[in-house]
Amino acid sequence: LRDPSPSLAEECSYEAVRTPWGHEACRELCAGARCCLVPRGDPFDCRPTYGDSCGIYEAACSFLDDVAVPEPPSALVEECRVKSLATHDGYHSCRGLCHMAHCCFLD
């Protein structure tokens, strides 16, 4: 198990992992520490050997799979109609409503 990166807490903050690229960067930093994230007592649990490092990884990486796209706002359909998108204000209103799910539109 590698020592945790000094930037692990920052790169895996809730704000950072809400972006697709931030989520991927955090996942890469945490990938080598899977043994710290399995249930205690699991045959692959490495906490007994790497307790201090695992504590750091657990604090930073344990919620990675809990980050989800929220339910769409009820005004989404109305705000994002073609007629609304044709105006500057309508476009920005729609974009603001869709912001939390922008990762759904990236390849």
Would you tell me whether E58 and S62 have side-chain atoms, one donor and one acceptor, within less than 3.5 Å of each other?
no
Does CD belonging to E24 count more than 12 external heavy atoms closer than 6.0 Å?
yes
With a 2.5 Å cut-off on the SG atoms, do C54 and C36 make it?
yes
Side-chain heavy atoms under 4.5 angstrom apart, residues restricted to Ile, Leu, Val, Met, Phe, Trp, Tyr: same cluster for L37 and Y50?
no
To check you understand the geometry: which heavy-atom pair defines the closest contact between S53 and L1, and what is its length?
CB-CD2, 4.0 Å
Can a side-chain donor-acceptor contact be found between E79 and S84 if the only test is distance below 3.5 angstrom?
no
Is it the case that the side chain of R2 and the backbone of A33 share a donor-acceptor pair, with hydrogens and angles ignored and the cut-off at 3.5 Å?
no
State whether the side chain of D42 and the backbone N or O of V38 hold a donor-acceptor pair below 3.5 Å, judged by distance alone.
no
So C12 and C30, disulfide bond (SG atoms under 2.5 Å apart) or not? Walk me through it.
CA-CA 9 Å; C12 290; C30 296; 3.9 Å; no
Minimum-distance pair of heavy atoms, taken over all atoms of C61 and L8:
SG-CD1, 4.3 Å
State the CG-CZ distance between D45 and R40, to the nearest 0.5 angstrom.
6.5 Å
Which heavy atom of C94 sits nearest a heavy atom of L85, and at what distance?
CB-CD2, 3.6 Å
List the atom of L97, the atom of P73, and the distance in Å for their closest heavy-atom pair.
CD2-CG, 3.7 Å
Main-chain N/O of A16 paired to S13 side chain as donor or acceptor, under 3.5 Å
yes
Roughly how far, to the nearest 0.5 Å, is CD of E28 from SG of C26?
10.0 Å
If you define the side chain from C-beta out and look only at heavy atoms, does anything of C98 sit under 4.5 Å from L76?
yes
Looking at C35 and C46, is the distance between their SG atoms under 2.5 Å?
yes
